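Notes follow the structure.
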Amino acid sequence: MPPTSRRLRTVLLAAASAGLIAAAPPAPPGGGPLGIGDRLFPTLGNPGYDVLSYDIALDYDGRNTDPLEAVTVIRARTTEPLDRINLDFARGEVHSVAVNGLAARFTGADEDLVVTPVAPLPAGVPVRITVRHTSDPEQGADSGGWVRTGDGLALAGQADAAHRVFPCNDHPADKAYFTFRITTPERLTAVANGLPAGERHRGTTVTRTFRTEHPMATELAQVSLGTSEVLHRDGPGGLPLRDVVPAADAAVLEPWLSRTPGQLEWMERQVGPYPFETYGLLVADSVTGFELETQTLSLFERRLFTGNTHPEWYVDSVMVHELAHQWFGDSVSPASWSDLWLNEGHASWYEARYAAERGGPTLERRMRNAYTQSDGWRAAGGPPARPAPPTAGHKLDLFQPVVYDGSALVLYALRQEIGAEAFDRLERAWVRGHRDESATTADFVRLASRTAGRDLSGFLDGWLYGAKTPAMPGHPDWRGAAPKAAPTAAPKPAPTTAPKPASHTAPRTARPTRRPAAPVRGATGKPA
């Protein structure tokens with residue numbers, strides 16, 4: 001159990017919902033809104049409590065089409081009086097719910113599981129919620145959650161899909177410690193976030209336990225199930241590294257996996273010590289169209305490493321992109337999804353710098369190209385710190401170029417304005433001061449101003465929120481291209497291949513639009 005005195009995230013939850021309650025979705029039975037009113041995902045998260053830890057038990061029979069039996073235990077502390085508790089949950093059947101050991105009534109409302117305890121809960125008390133449920137791998141194309149691989153399953157919970165795997169408070173403003181207890185047939189391998197914490201054999205099955213040493217946002221949870229091989233090596237300072245790969249591909253992947261220690265050393269020279277207890281790559285035999293920064297165990301497509309379409313510098317830089325997220329997005333998580341630019345802009349910034357050192361385009365060339373396209377990106381996807389909401393059935397449209405190279409461009413402009421030395425101090429202070437927390441764009445602007453010794457809010461306002469891209473400090477000759485007219489028909493999804501080495505100009509498009517999601521099946525169960 002983590003200490004219950006750990007700082008509550010009430011302020012962050014309030015910040016995420018401030019001014020947005022009017023836009024919140026209809027109330028479930030019993031009154032009150034679904035969600036905390038996040039501008040981009042209004043139904044995510046739940047007010048009234050702070051989760052301290054999740055203990056998730058999964059029973060996998062080896063068939064990746066079958067629902068898994070599961071038990072999720074949530075330890076939390078109430079932040080206000082509650083006569084009911086809302087949890088985000090969908091794509092599973094609920095068998096029973098208990099609150100502090102007593103059976104509770106429950107019902108579904110949209111993608112929420114609404115729990116009514118025997119008696120109302122006062123503010124400031126610990127609460128233990130036990131949900132016995134299934135976790136269904138049958139997911140819609142755009143919904144996320146479980147990803148079927150060639151030999152099993154993996155997780156992809158960003159941005160709003162962790163609750164399609166387990167009941168939770170599915171918003172990065174409420175981070176918590178995680179324990180996973182995974183039962184599989186002995187012939188299979190199970191790995192999850194954090195470090196191994198025990199193994200128990202019973203008959204022909206084995207239960208493996210994993211535990212995180214740092215709090216984690218729900219969207220960063222990772223579980224790998226399959227006939228995988230786990231490869232171990234040491235990182236800087238003896239940091240334990242483990243990679244999880246299809247057993248048949250271990251030899252061909254080794255030249256890529258062996259680069260992680262050097263990439264860690266490079267990142268530590270930029271921003272300081274690695275923030276977690278372990279790191280590694282989960283290479284999945286699956287076509288997703290993206291890689292994902294799941295905490296301590298980043299998810300990668302197998303074809304990124306085994307195909308011949310990507311130049312070496314590109315693959316290296318994608319590895320560093322997901323590694324950089326361990327600092328920016330994982331250790332320091334966004335307080336709301338509008339703060340996504342802090343994740344992707346920073347990861348793209350270090351990706352671009354690493355690529356420039358490994359044969360890719362120079363940083364200036366990449367940023368100049370981004371500047372040329374920036375007005376078009378803003379017209380299509382909104383400004384970096386106020387991205388356009390994704391449309392129904394296309395939730396991954398949130399991940400537009402404006403939050404990648406368009407947001408790295410903000411950091412380039414800031415460095416041009418305050419100088420490289422002050423910028424490097426800012427980056428180190430950001431990850432050090434907000435480690436294991438969720439932080440806002442306003443927090444970053446305040447820290448940038450304090451580091452520079454002058455108010456930068458006016459300068460950054462246009463870069464973060466303007467419909468047009470401001471003039472680039474130090475480059476008065478840079479010009480933007482006029483945004484292209486909107487197409488009359490929906491375009492095809494962007495390709496997932498790397499930019500051609502000859503051009504060195506196209507920004508990385510990590511998450512192309514997926515097909516529309518299947519109809520949502522919410523959590524169900526008869527009231528107790």
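Atoms considered below: every heavy atom in the structure, side chains included; atoms not considered: hydrogens, waters and symmetry mates. Position 1 is the first residue of the sequence, and the numbers go up from there. Treat the numbers as computed from the prediction; the structure is a model and nothing was measured.
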Measure the spacing between [atom1] of [X] and [atom2] of [Y] and express it to the nearest 0.5 Å.
X: Asp339; Y: Thr441; atom1: CG; atom2: OG1; answer: 3.5 Å
X: Thr79; Y: Asp50; atom1: OG1; atom2: CG; answer: 7.5 Å
X: Ile85; Y: Tyr49; atom1: CD1; atom2: OH; answer: 7.5 Å
X: Ser53; Y: Arg128; atom1: OG; atom2: CZ; answer: 9.5 Å
X: Arg164; Y: Leu155; atom1: CZ; atom2: CG; answer: 13.0 Å
X: Thr209; Y: Arg200; atom1: OG1; atom2: CZ; answer: 7.5 Å

Test side chain to side chain donor-acceptor pair (under 3.5 Å) on Tyr54 and Thr218; report intermediate values, then the result.
CA-CA 9 Å; Tyr54 294 94; Thr218 49; 5.7 Å; no

Quick one, Asp38 with Ser336, criterion side chain to side chain donor-acceptor pair (under 3.5 Å). Give me CA distance, side-chain angles, the key distance, then yes/no.
CA-CA 6 Å; Asp38 187 286; Ser336 76; 4.5 Å; no

I would like to know whether Asp285 and Thr149 meet side chain to side chain donor-acceptor pair (under 3.5 Å); could you show each step before the answer?
CA-CA 5 Å; Asp285 182 11; Thr149 66; over 6 Å; no

Measuring centre to centre across the rings, with the benzene-like ring taken for any Trp, is [X] within less than 6.0 Å of [Y]?
X: His214; Y: Phe276; result: yes
X: Trp341; Y: Phe328; result: no
X: Tyr350; Y: His321; result: no

Which residue pairs satisfy the salt bridge (Lys or Arg N to Asp or Glu O under 4.0 Å) criterion with at least one member in residues 146-156, sequence neighbours excluded?
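Those involving residues 146-156 are Glu138-Arg148.
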
Using the ring of each side chain (for Trp, its six-membered ring), is Phe180 parallel, tilted or perpendicular to Phe178, with breaks at 30° and 60°?
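Judged by the thresholds at 30° and 60°, the geometry between Phe180 and Phe178 is parallel.
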
Check the angle between the aromatic planes of His434 and Trp430 and answer parallel, tilted or perpendicular using the 30° and 60° thresholds.
tilted

Under the ring pair (Phe, Tyr, Trp, His ring centres under 6.0 Å) test, residues paired with Trp146 that sit two or more places apart
none

Is a donor on one side and an acceptor on the other found under 3.5 Å between the side chain of Glu322 and the backbone of Glu293?
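Yes.
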
Please confirm whether the backbone N or O of Val283 pairs with a side-chain atom of Glu301, one donor and one acceptor, at under 3.5 Å?
no

Decide whether Ser333 and Lys175 meet the rule of one side-chain donor and one side-chain acceptor closer than 3.5 Å.
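Note: Ser333 and Lys175 side chains meet the donor-acceptor criterion.
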
